[in-house]
*Asks:* 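Okay, here's the structure, questions in a sec.
Position 1 is the first residue of the sequence, and the numbers go up from there.
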Amino acid sequence: GFAKANNQQVIATTHSGHLVSENVMDIRGIIRVDKQNGFTKVHQNKIPDSELEIAKNLVYLDRPRSDIFFAKKVVLVEGPTEYMLYNYLKQRGDLPHSLTQNVTVIDTIGKWSMPYFQKILNSYNIHHSVLYDTDGDPNRADNIAVKNEFSELTDYAYGFPRDIETFCGIKKSGNPAINIINKFKDGTVAREKQAEIIEIFKNMITEKQK
């Protein structure tokens, strides 16, 4: 109420993703502050009004997604298969805590919503990487939409030639996320392919795109 009064403004500082998630519907009021080479810089929304409603709904009331405002690196993945596989590889020890401690991985719930996450990350000067399936056609409209949002903040991007299952040499079956984890566990996915997937995830976390 005090903030809504004439000639009054309230600034609240926080490291809480919970507090941010409750205020995403007023995304213009969220300012991200970071220090670079001894200078403090502030970043605020730059998404045009025509796309703002979609963008803010993607992070609305979702704590993990609101953590993007505090992460040093965000990794965007297309769906739950890549998201759960990343967490499995972390648990298995292939992606050590020393690499992942300041990384937030976000399942964008499909490729068409991925560009809106990219717009948010670009607006708030957040470094990020992008992992997606090209579905056999790099020039498809959804793939082009993702590429159009690449920026100097896009540290690394990888598009599987078709999808992650084809890359691993397995077929989709049942729940795709559980299926691929089981195929990693039982050795159906060859060791060399597992190593390639691990390397891709490491690049997502650590690499700076040339």
*Asks:* Whether the side chain of Glu149 engages the backbone of Tyr116 through a donor-acceptor N/O pair (distance < 3.5 Å, no angle test) should be reported.
*Replies:* no

*Asks:* Do Phe160 and Thr166 come within less than 4.5 Å of each other through their side chains, counting heavy atoms only?
*Replies:* no

*Asks:* Give a yes or no on whether Tyr83 atom OH has more than 12 heavy-atom contacts from other residues, nucleotides or ligands under 6.0 Å away.
*Replies:* no

*Asks:* As a quick check of understanding, evaluate side-chain contact (heavy atoms from CB on, under 4.5 Å) for Thr81 and Asp163, giving each step before the final call.
*Replies:* CA-CA 11 Å; Thr81 303; Asp163 52 45; over 6 Å; no

*Asks:* Which distance, rounded to the nearest 0.5 Å, do you find between the CD of Gln44 and the OH of Tyr124?
*Replies:* 6.0 Å

*Asks:* Would you give the length of the straight line joining atom CD1 of Ile198 to atom CZ of Arg191, rounded to the nearest 0.5 angstrom?
*Replies:* 11.5 Å

*Asks:* Report the C-alpha separation of Asn203 and Phe201 in whole Å, then their side-chain angles, then the decisive distance to 0.1 Å, and conclude whether the side-chain contact (heavy atoms from CB on, under 4.5 Å) test is met.
*Replies:* CA-CA 5 Å; Asn203 289 340; Phe201 275 120; over 6 Å; no

*Asks:* Given side chains that start at C-beta, do those of Lys73 and Ile205 come closer than 4.5 Å, heavy atoms only?
*Replies:* no

*Asks:* Checking Tyr158 side chain against Met204 main chain: does a donor-acceptor pair fall under 3.5 Å?
*Replies:* no

*Asks:* Of all heavy-atom pairs between Gly17 and Ser66, which one has the smallest distance, and what is that distance?
*Replies:* O-CB, 3.4 Å

*Asks:* Does the side chain of Pro48 come within less than 4.5 Å of Lys119's, by heavy atoms?
*Replies:* no

*Asks:* Are Phe150 and Ile68 connected into the same hydrophobic cluster when the rule is that any two of I, L, V, M, F, W, Y join if their side-chain heavy atoms are below 4.5 Å apart?
*Replies:* yes

*Asks:* Quick check against the 3.5 Å criterion: does Thr40 have a side-chain atom that pairs as donor or acceptor with the backbone of Lys35?
*Replies:* no

*Asks:* Give a yes or no on whether the backbone of Tyr88 and the side-chain of Asp94 come within a donor-acceptor separation of less than 3.5 Å.
*Replies:* no

*Asks:* Go through the steps for Lys202 and Leu95 under the test side-chain contact (heavy atoms from CB on, under 4.5 Å), then give the verdict.
*Replies:* CA-CA 7 Å; Lys202 284 183 176 178; Leu95 302 172; 3.7 Å; yes

*Asks:* Decide yes or no on side-chain contact (heavy atoms from CB on, under 4.5 Å) for Ile30 and Asn45, but give the supporting numbers first.
*Replies:* CA-CA 8 Å; Ile30 297 176; Asn45 172 68; over 6 Å; no

*Asks:* Can you establish whether the number of heavy atoms outside Arg140 located under 6.0 Å from its atom CZ is more than 12?
*Replies:* yes

*Asks:* Taking all atoms of both residues into account, what is the closest heavy-atom pair of Ser123 and His43, and its distance?
*Replies:* O-CB, 3.7 Å

*Asks:* How about Gln36: does its CD atom have over 12 heavy atoms from other parts shown lying under 6.0 Å from it?
*Replies:* yes

*Asks:* Hey, does Asp133 have a side-chain heavy atom less than 4.5 Å from the side chain of Glu82?
*Replies:* yes

*Asks:* Indicate if Ile54 and Val146 have the same hydrophobic cluster label, given that clusters are the connected sets of ILVMFWY residues with side-chain heavy-atom separations under 4.5 angstrom.
*Replies:* yes

*Asks:* If you compare all heavy atoms of Lys147 against all heavy atoms of Pro138, which two are closest, and at what distance to 0.1 Å?
*Replies:* NZ-O, 3.5 Å

*Asks:* Closest heavy-atom contact between Met84 and Ile181?
*Replies:* O-CD1, 3.8 Å

*Asks:* Which heavy-atom pair separates Cys168 from Ile180 by the least distance, and what is that distance?
*Replies:* SG-CD1, 4.2 Å

*Asks:* Mind checking the CD1-OG1 spacing from Ile11 to Thr14? Nearest 0.5 Å is all I need.
*Replies:* 14.0 Å

*Asks:* Under 3.5 Å, is there a donor on one side chain and an acceptor on the other for Thr104 and Asp67?
*Replies:* no

*Asks:* Rounded to the nearest 0.5 Å, how far apart are CD1 of Ile27 and CZ of Phe69?
*Replies:* 5.0 Å

*Asks:* Which heavy atom in Arg32 sits nearest to a heavy atom in Asp34, and how many Å separate them?
*Replies:* NH1-OD1, 3.7 Å

*Asks:* Rounded to the nearest 0.5 Å, how far does CZ of Arg65 lie from CD1 of Ile120?
*Replies:* 10.0 Å

*Asks:* Does Thr188 offer a backbone N or O that forms a donor-acceptor pair with the side chain of Lys183 under 3.5 Å?
*Replies:* no

*Asks:* Any side-chain heavy atom of Val20 within less than 4.5 Å of one from Phe70?
*Replies:* yes

*Asks:* Are any non-hydrogen side-chain atoms of Ile197 and Phe184 less than 4.5 angstrom apart?
*Replies:* yes

*Asks:* Between the main-chain N or O of Val77 and the side-chain N or O of Thr108, is there a donor-acceptor pair closer than 3.5 Å?
*Replies:* yes

*Asks:* Verify the neighbour count for atom CD of Gln91: are there more than 12 heavy atoms of other residues, nucleotides or ligands below 6.0 Å?
*Replies:* no

*Asks:* Answer yes or no: is there a side-chain heavy-atom contact under 4.5 Å between Val103 and Tyr86?
*Replies:* yes

*Asks:* Indicate yes or no: does Lys193 engage Glu196 in a salt bridge with an N to O separation below 4.0 Å.
*Replies:* yes

*Asks:* Would a single hydrophobic cluster contain both Ile31 and Leu52, if residues Ile, Leu, Val, Met, Phe, Trp and Tyr are joined by side-chain heavy-atom contacts under 4.5 Å?
*Replies:* no

*Asks:* Counting C-beta onward and ignoring hydrogens, is there a side-chain heavy-atom pair between Leu76 and Leu121 closer than 4.5 Å?
*Replies:* yes

*Asks:* Measure the spacing between NZ of Lys172 and CD1 of Ile170 and express it to the nearest 0.5 Å.
*Replies:* 10.0 Å

*Asks:* If you measure only the distance, is there a donor-acceptor pair under 3.5 Å linking the side chains of Lys111 and Asn143?
*Replies:* yes

*Asks:* Just checking Lys72: does its NZ atom have more than 12 heavy atoms from other residues, nucleotides or ligands closer to it than 6.0 angstrom?
*Replies:* no

